[in-house]
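One structure is given here, and the rest of the page talks about it.
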Number of protein chains: 2
Amino acid sequence: MGATIFDVAKHAGVSIGTVSRVLNNRDRVHPKTRERVLKSIEALNFSANAYARGLANQQTDTLGLVIPQVNDSFYFEIVRGVEDAATEAGYRLLIASQPRHSEEHRYLDLFQRSYVDAMVLVAIDVHIYELREVIDRGVPVVLVHQNIDKSVPSFQADNFGGGREITQHLIGHGYTRLAYITGTDHTPDNRDRLRGMRDALNSSGLSLEETNILAGDFLPGSGYRAALELMRRPELPHAIFAANDQMAVDAIKALREHGLRVPDDIAVVGFDDVLMAQYVSPTLTTVHQPLYELGLQAAQMVLTTLQNQENVRSPALAPSVLLPTTLKIRQSCGCKG
Amino acid sequence: MGATIFDVAKHAGVSIGTVSRVLNNRDRVHPKTRERVLKSIEALNFSANAYARGLANQQTDTLGLVIPQVNDSFYFEIVRGVEDAATEAGYRLLIASQPRHSEEHRYLDLFQRSYVDAMVLVAIDVHIYELREVIDRGVPVVLVHQNIDKSVPSFQADNFGGGREITQHLIGHGYTRLAYITGTDHTPDNRDRLRGMRDALNSSGLSLEETNILAGDFLPGSGYRAALELMRRPELPHAIFAANDQMAVDAIKALREHGLRVPDDIAVVGFDDVLMAQYVSPTLTTVHQPLYELGLQAAQMVLTTLQNQENVRSPALAPSVLLPTTLKIRQSCGCKG
DNA sequence: CTTTCGTGTGAAAGCGCTTTTACAACCTCT
DNA sequence: AGAGGTTGTAAAAGCGCTTTCACACGAAAG
């Protein structure tokens with residue numbers, strides 16, 4: 001048990017009120033008194049109990065972060081961004097994770113008890129009315145990698161733009177017959193990437209045949225199966241665009257196992273730019289997502305909202321920020337590596 | 001602002017003390033009264049304020065976790081383990097990160113203010129006297145991937161055993177001239193892996209020549225340089241053991257760029273079993289570290305200590321747990337893939 | 001020399017909860 | 001029927017802090 005504000009007061013020969021005022025630079029305290037209090041704080045190695053403070057202040061300087069429970073570390077970059085923003089602003093970071101598509105939202109209760117001042121939700125399936133409840137309580141919320149309602153601010157990578165850009169790149173190679181391996185169907189990530197692909201094709205007078213859309217699920221295995229399926233066809237596409245790197249790598253594996261050369265016989269590209277993309281052979285052309293930035297900016301936004309208390313509950317200005325992706329040109333599309 | 005215990009009391013027609021007793025299953029409450037209180041809690045959607053509770057209880061059901069600020073996501077698996085253990089035990093997780101070798105320990109102050117009940121420190125350079133202060137305050141601490149003092153419990157991967165095992169495997173291939181690319185010199189990880197390697201060699205009547213120990217730093221780039229250095233020698237070693245996968249992959253890159261085939265001309269193995277090890281070509285033989293388990297068990301241990309308050313401050317029984325690593329045999333050592 | 005005003009500080013209430021203390025109400029014996 | 005035990009509950013103190021309120025003091029004004 002460390003020293004309390006009471007100990008400091010006694011040591012400095014003042015009242016606890018004065019110590020508190022020194023601590024918070026509230027009101028005016030005589031310079032000499034302040035000096036004395038500061039010395040006592042130093043001497044006793046005093047540090048104000050955040051919980052007592054939270055109770056008295058009705059705010060806790062704590063940011064709640066929810067991330068999906070995934071077995072890869074894809075989301076960790078986002079956490080780093082959020083952590084940096086929180087630390088920067090003098091906030092603590094309380095973390096909860098939960099299964100990606102769980103209906104039960106433990107963290108909502110957790111965060112309510114813990115009185116987090118704001119929340120960042122990463123790729124979490126949540127209903128708008130649950131969020132409204134939180135927001136109406138004065139706790140600003142921001143979504144990352146998810147966008148369920150216009151009234152809740154969100155930060156996402158520009159999946160559409162990324163999908164379009166990488167498709168344009170494939171078209172630039174002269175490929176006209178393209179195939180797409182989908183992610184889980186209902187996710188906006190998957191849909192937007194596909195939309196981007198279609199947009200690029202259409203702009204070039206090309207189109208994506210329905211039969212060249214292969215069902216995948218973002219997980220390893222489905223990329224492999226999709227490639228097998230394509231190889232059963234009389235005619236191979238020129239290039240495959242997989243909704244994420246994991247499936248792209250898997251597809252390449254299947255193709256090579258059947259004697260096809262990538263990118264010479266068929267090009268394959270992915271999405272995400274996971275670390276591994278640089279190390280597979282051939283190195284994988286893909287779209288980089290600004291994960292760190294996403295986390296950083298989302299957290300900064302929500303903390304700023306908090307500081308300008310005014311508009312927390314105003315659904316009016318809920319920006320939906322799209323951060324640009326970057327095309328990472330490597331070997332698997334046919335470019336020199 | 002949610003309902004308070006006072007609101008519940010009024011709604012149920014009892015005193016707040018009774019509500020508290022129901023909440024904590026303390027003392028006996030008449031079944032009928034309990035029922036009534038429970039209903040009111042339900043009706044008002046009441047959830048006890050964790051901060052008020054923390055203040056009254058002098059404990060906060062919060063576990064503090066410190067992880068190094070690294071730009072790769074290597075430590076994320078540990079975080080998952082810790083998070084699972086915390087959730088399981090009904091604890092919240094407060095996360096702080098800091099530069100790997102920073103002298104300044106923000107988190108100590110942070111955690112003191114926040115009154116975390118226990119702390120898990122991952123790969124953090126910290127002085128024993130700083131920890132003693134914390135521990136003497138009754139906050140149990142456990143170290144992961146670090147072991148600064150016998151009086152503080154720690155969880156580590158068995159780097160020695162892992163280094164020995166993979167070296168034995170190389171020897172089994174018939175390789176006798178081995179080289180080692182070091183990590184940052186002073187880390188125990190690096191030292192133990194090297195010790196393990198030496199041990200295996202000595203047991204087979206072999207030895208590691210000093211000139212075959214190349215200075216690396218765990219970072220990409222140094223593996224590349226070390227391989228270049230080796231290729232300048234009149235005679236190549238049969239195999240290279242790099243202190244981590246990153247450097248191993250980099251070394252392979254350098255070797256291949258100079259026309260050497262891995263593993264035919266020279267074998268290369270790593271340590272860590274990062275995700276990428278499965279995707280490089282050739283796939284990388286390496287040592288898997290039980291990261292999730294490390295985090296899980298460390299957190300479980302520290303929370304158990306907390307529950308059996310007795311021995312928190314007793315330096316007597318501070319177990320130093322070594323979790324076994326697993327050899328991941330892939331292609332880069334010369335085995336069939 | 002009294003009145004007014006600003007300045008600095010102490011006393012005390014309150015944040016939401018846990019826990020101790022005290023005491024009614026009801027039983028169970030003799 | 002009264003003494004002695006249980007049981008269930010209310011009342012109140014306390015956790016460490018912030019903040020309001022009031023007030024003492026000295027300076028400026030009348």
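In what follows, every chain begins at residue 1, and chains take the letters A, B, ... in the order their sequences are listed.
Looking at heavy atoms from C-beta onward, Tyr107(B) lies in side-chain contact with Met119(B) at the 4.5 angstrom threshold. Side-chain contact between Tyr51(A) and Thr62(B): present, with at least one pair of heavy atoms (C-beta onward) separated by less than 4.5 Å. By the 4.5 Å heavy-atom criterion applied to side chains, Leu143(B) and Leu131(B) are counted as neighbours.
The CG atom of Asp7(A) sits 9 Å away from the P atom of dG16(D) (whole-angstrom rounding). Computed from coordinates, the Tyr51(A) OH to dT18(C) P distance equals 14 Å when rounded to whole Å. Between the CD atom of Glu35(A) and the P atom of dT9(C) there is a distance of 13 Å, given to the nearest Å. One interatomic measurement links the two molecules: NZ of Lys32(A) to C1' of dT9(C), which rounds to 16 Å at whole-angstrom precision. Atom NE2 in His30(A) sits about 17 Å away from atom C1' in dG10(C), given to the nearest Å.
Listed nucleotides: dC15(C), dG8(D), dT9(C). Nearest to the side chain of Leu55(A): dC15(C).
When the options Val116(B), Leu121(B), Val144(B), Val82(B) are evaluated for a side-chain contact (heavy atoms from CB on, under 4.5 Å) with Leu65(B), the one that passes is Val82(B).
Although no hydrogens or angles enter the test, the distance criterion places a donor-acceptor pair under 3.5 Å between the side chain of Asp149(B) and the main chain of Ser151(B).
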query: What is the per-nucleotide protein-contact pattern of nucleotides 17-26 of chain D, from the 5' end, where B denotes a base atom under 4.0 Å from a protein heavy atom, S denotes such proximity for sugar-phosphate atoms only, and - denotes neither?
result: BBBB------
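Electrostatic pairing of Glu77(A) and Arg80(A) counts as a salt bridge here, judged by a charged N lying under 4.0 Å from a carboxylate O.
Note on Gln58(B): a side-chain N or O is less than 4.0 Å away from OP1 or OP2 of dG16(D).
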